[in-house]
Amino acid sequence: MSRAASLQQQPKPTSGVRLVATLGLIALFSGLLVVSVYEYTRPFIAQNQQRALEAAVLEVIPGAESRRSFVLTDTGLFPRDEAPAAGRAIYAGYDADGALAGVALEASGRGYADVIRILYGYDPDCACIVGMTVLESRETPGLGDKIETEPHFLESIQGLEARLNDAGTGLAHRIRTVDQGEADDPWEIDGITGATISSEAIGDMIHASADAVLPRLAAHWDTLRRAAPRPDQP
């Protein structure tokens, strides 16, 4: 076979324009696929997150067996499906007799690795925090994630003082996390050695949330006490 014939039989190299166009189409298709999957699954993810949050309400309010959701706006407190505007979510927990056992509030703040989201319970009768659970965290496994499991840390949050000052404008004392073994005052959280930043973040976010919300809730405790769910409500 002659050299000319051999050259004619060799495949022509792919042009740069054609290669770029092919890669662009693949990238476009992949992007559309990711967006489509995200949009399809987003409602299901949101529903699952809401169910988990509502289940957590009963965990952070001791004695609660039923719950109702409210929205606190600038104009008042409303059942969630009757709120005239967006506002802060308030989850009320009721015991077996229909008495208000407390409310659950969300809070979030920056931890060591990322933002931490929590749900904590508050009992107006003792003016104290009665429980806490972590809703979302990416803290370091084995260290920062101890905020979810460390017994002494979680126990120190139960009964944590959160009463208002005499003017009713904020908390009387700053809720804060101190070094492990050094919590002396009833508004101090016993920290976690080796997870200092994460445990301090919990104290900071509980304080910020309670200091902002509890003064606004002060006028609505009677409303919440009268709003126990009917037997056919969850």
Side-chain angles (χ1 to χ4, degrees), residues 38 42 45-46 48-62 64 72 86-91 93 102-124 126-165 169-217:
Y38 171 76
R42 184 169 60 174
I45 294 173
N48 290 335
Q49 289 176 336
Q50 184 63 30
R51 290 194 190 100
L53 188 151
E54 291 176 351
V57 170
L58 304 184
E59 294 179 16
V60 300
I61 306 176
L72 182 63
R88 185 180 289 269
I90 307 292
Y91 305 96
V103 295
L105 306 170
E106 290 186 73
S108 62
R110 180 77 189 186
Y112 178 78
D114 204 341
V115 172
I116 303 171
R117 288 180 57 239
I118 66 169
L119 187 75
Y120 67 94
Y122 174 82
D123 183 349
C126 69
C128 64
I129 309 300
V130 290
M132 187 277 294
T133 188
V134 176
L135 298 175
E136 182 180 351
S137 172
R138 297 182 178 86
E139 298 301 272
T140 307
L143 291 174
D145 65 353
K146 288 183 178 180
I147 57 175
E148 304 178 49
T149 59
E150 192 68 27
H152 81 271
F153 175 74
L154 298 174
E155 289 171 3
S156 71
I157 294 175
Q158 297 174 3
L160 189 68
E161 182 184 306
R163 66 180 174 85
L164 298 180
N165 56 32
T169 56
L171 296 184
H173 302 282
R174 179 173 184 82
I175 294 174
R176 64 193 187 106
T177 304
V178 298
D179 291 342
Q180 185 170 341
E182 296 186 8
D184 295 323
D185 293 314
W187 52 85
E188 292 180 335
I189 301 172
D190 196 22
I192 305 173
T193 300
T196 304
I197 295 176
S198 303
S199 57
E200 286 181 350
I202 298 297
D204 291 342
M205 66 180 74
I206 290 178
H207 175 83
S209 172
D211 191 57
V213 180
L214 295 183
R216 297 175 59 196
L217 270 182

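In this chain, numbering begins with 1 at the start of the sequence shown.
Looking at heavy atoms from C-beta onward, Val130 lies in side-chain contact with Pro62 at the 4.5 angstrom threshold. Annotation: side chain of Met205 is in contact with side chain of Ile118 (closest heavy-atom distance under 4.5 Å). Within the 4.5 Å cutoff, the side chain of Gln180 has heavy atoms near those of the Thr193 side chain. Arg176 is listed as a side-chain neighbour of Val178, based on a closest heavy-atom distance under 4.5 Å. Thr169 is not listed as a side-chain neighbour of Pro215, based on a closest heavy-atom distance of 4.5 Å or more. Counting heavy atoms from C-beta outward, Leu72 and Val213 have side chains that approach closer than 4.5 Å. Inter-residue side-chain proximity for Ile157 and Ile202 is flagged as met; some heavy-atom pair is nearer than 4.5 Å.
With values rounded to the nearest 0.5 angstrom, Lys146 atom NZ is found 11.5 Å from Thr140 atom OG1. Remark: Asp185 CG to Ile175 CD1 distance equals 12.5 Å, nearest 0.5 Å.
For the residue pair Ile147 and Leu154, the shortest heavy atom distance occurs at O-CD2, 3.4 Å. Here the shortest heavy-atom pairing between Leu171 and Asp211 reads N-OD1, 2.8 Å. For the residue pair Ser199 and Gly191, the shortest heavy atom distance occurs at OG-CA, 4.1 Å. The shortest heavy-atom contact between Val60 and Leu119 is CG1-O, 3.6 Å. Nearest approach of Ser156 to Ile189, heavy atoms of both residues: OG-CG2, 3.3 Å. Scanning both residues, Leu143 and Ala195, for their nearest heavy atoms gives O-CB, 3.3 Å.
Listed by chain and residue number, nothing satisfies the side chain to side chain donor-acceptor pair (under 3.5 Å) test with Tyr122 (two or more places apart in sequence, or in another chain).
For residues 103-114, every residue pair satisfying the salt bridge (Lys or Arg N to Asp or Glu O under 4.0 Å) rule, not counting sequence neighbours, is listed here: Glu106-Arg117, Arg110-Asp114, Asp114-Arg138. Within the structure, salt bridge (Lys or Arg N to Asp or Glu O under 4.0 Å) pairs that include any residue of residues 148-165 comprise Glu161-Arg163 (at least two apart or interchain).
Between the side chains of Ser209 and Tyr120, at least one donor N or O sits under 3.5 Å from an acceptor N or O.
Glu139 places a side-chain N or O within donor-acceptor distance of the main-chain N or O of Tyr112, the cut-off being under 3.5 Å.
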